[in-house]
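Worksheet: one structure, shown below.
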Amino acid sequence: MELHEAPVIGPIGPYFDGVDAEYWRALNQGEFKIQRCAKCRIWLWGATWRCSACGAWDIAWEAVKPEGVVYSWIRTHQAFAPEVKDVLPYVSLLVALPHAGDKKVMGMLVGDETGLRIGARVEGVIQPASAKTGGQAVMRWRLQRSGRSG
């Protein structure tokens, strides 16, 4: 599946309480950010108001290099949502981020699947806001090829 074809399933965007609003704002500005505790410096994901390691309330959003390693993946053949019926099958990834303490994020694989395996290196690419993404920029992942970096 190509980047411009990748839909989202259901409504997306900031939670009602705004805890992840900076994540979505950053994506819309072309940047990938996740949280980090300002006190103990542990990376945090999913978004939270308080550090799960030390209990501090001082949580910062830091830019992270959008590169990772496939920790797990699954190919979906069933259209469990109408948004994806035209792009079956599609691959969902769980990506470990080495530049962020190996925190894991989920996302959809786009592009060539040749070489897809646990441990494969991937790069994040931000899919611009469109009707297919509910008007919100989203992070997608593609397999890294030698000579190309994210």
Side-chain angles (χ1 to χ4, degrees), residues 1-15 17-76 83-84 87 89-150:
M1 170 181 352
E2 294 301 317
L3 183 63
H4 66 278
E5 299 170 341
V8 297
I9 298 173
I12 62 166
Y15 288 126
D17 64 0
V19 69
D20 64 343
E22 179 61 19
Y23 169 79
W24 296 105
R25 187 193 67 70
L27 282 181
N28 279 315
Q29 293 180 349
E31 196 170 27
F32 180 51
K33 289 184 176 183
I34 66 171
Q35 290 179 315
R36 193 169 196 187
C37 177
K39 182 177 178 187
C40 73
R41 303 299 291 154
I42 192 170
W43 292 96
L44 302 164
W45 188 257
T48 184
W49 294 111
R50 190 171 186 191
C51 179
S52 58
C54 73
W57 292 92
D58 191 8
I59 306 298
W61 286 90
E62 294 189 16
V64 174
K65 191 171 188 176
E67 293 181 348
V69 176
V70 175
Y71 185 82
S72 182
W73 65 274
I74 188 168
R75 182 174 285 113
T76 301
E83 296 90 347
V84 296
V87 296
Y90 63 91
V91 174
S92 298
L93 304 173
L94 185 60
V95 176
L97 301 171
H99 301 291
D102 283 328
K103 284 298 171 188
K104 293 165 186 72
V105 297
M106 292 202 61
M108 185 180 280
L109 181 69
V110 294
D112 184 8
E113 294 181 21
T114 305
L116 176 60
R117 61 175 175 72
I118 303 296
R121 298 200 50 78
V122 291
E123 59 191 0
V125 58
I126 297 173
Q127 181 175 338
S130 72
K132 287 194 179 215
T133 64
Q136 175 65 59
V138 293
M139 178 60 76
R140 300 300 189 202
W141 299 92
R142 67 179 171 210
L143 292 166
Q144 275 190 352
R145 305 290 178 219
S146 54
R148 184 172 80 186
S149 64

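Owing to the predicted nature of the structure, the values given are computational and were not obtained by experimental measurement. Residues take their numbers from the sequence shown, with the count starting at 1. Hydrogens, waters and symmetry mates play no part in the numbers below; they use all other heavy atoms, side chains included.
By the 30° and 60° cut-offs, the orientation of the rings of W61 relative to W45 is perpendicular.
Under the side chain to side chain donor-acceptor pair (under 3.5 Å) criterion, W57 pairs with no residue, sequence neighbours left out. R50 is linked by a salt bridge (Lys or Arg N to Asp or Glu O under 4.0 Å) to nothing, counting only residues two or more places apart in sequence or in another chain. Residues satisfying the salt bridge (Lys or Arg N to Asp or Glu O under 4.0 Å) criterion with D58, sequence neighbours excluded, are absent altogether. The ring-ring contact (aromatic ring centres under 6.0 Å, His included) test applied to W43 returns no partner, not counting sequence neighbours. Considering only residues two or more places apart in sequence or on other chains, S72 meets the side-chain contact (heavy atoms from CB on, under 4.5 Å) condition with L94.
You'll find the side chain of W141 reaches within 4.5 Å of the side chain of V105, heavy atoms only. Within the 4.5 Å cutoff, side-chain heavy atoms of L116 are placed close to those of L143. Side-chain contact between V84 and T76 is absent, with no heavy atoms from C-beta onward closer than 4.5 Å. Contact annotation: the side chain of Y90 never approaches that of L109 to less than 4.5 Å [non-hydrogen atoms, C-beta and beyond]. Side-chain contact between W24 and V138 is present, with at least one heavy-atom pair separated by less than 4.5 Å. Proximity of Q136 to V8: side-chain heavy atoms (C-beta onward) are nowhere separated by under 4.5 Å.
The shortest non-hydrogen separation linking V91 to E113 is CG2-OE2, 3.6 Å. Considering all non-hydrogen atoms of both residues, R121 and V69 come closest at NH1-CG2, 3.6 Å. Of all the heavy atoms in A47 and D20, the pair that sits closest is CB-CB, 3.6 Å. Nearest heavy-atom pair, R140 versus P7, reported as atom, atom and distance to 0.1 Å: NH2-O, 2.8 Å. Between L44 and C51, the shortest heavy-atom contact is CD1-CA, 4.0 Å. In terms of heavy-atom proximity, A53 sits nearest to C40 at CB-SG, 4.1 Å.
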Could you go through the side chain to side chain contact (heavy atoms under 4.5 Å, CB included) check for D112 and R145 one step at a time?
CA-CA 10 Å; D112 184 8; R145 305 290 178 219; 3.4 Å; yes
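For the pair E83 (side chain) and K132 (backbone), a donor-acceptor distance under 3.5 Å is absent. Q127 places a side-chain N or O within donor-acceptor distance of the main-chain N or O of A6, the cut-off being under 3.5 Å. D102 places no side-chain N or O within 3.5 Å of a backbone atom of A96 that could act as its donor or acceptor partner.
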Ignoring hydrogens and angles, write down the donor-acceptor pairs under 3.5 Å from the side chains of residues 31-39, residues two or more places apart or on other chains.
| residue | atom | partner | partner atom | Å |
| --- | --- | --- | --- | --- |
| K33 | NZ | E22 | OE2 | 3.1 |
| Q35 | OE1 | T48 | N | 2.7 |
| Q35 | NE2 | T48 | O | 2.9 |
| R36 | NE | R41 | O | 2.8 |
| R36 | NH2 | R41 | O | 3.4 |

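Enclosure of atom CD1 in I118 by more than 12 non-hydrogen atoms of other residues, nucleotides or ligands within 6.0 angstrom is indicated.
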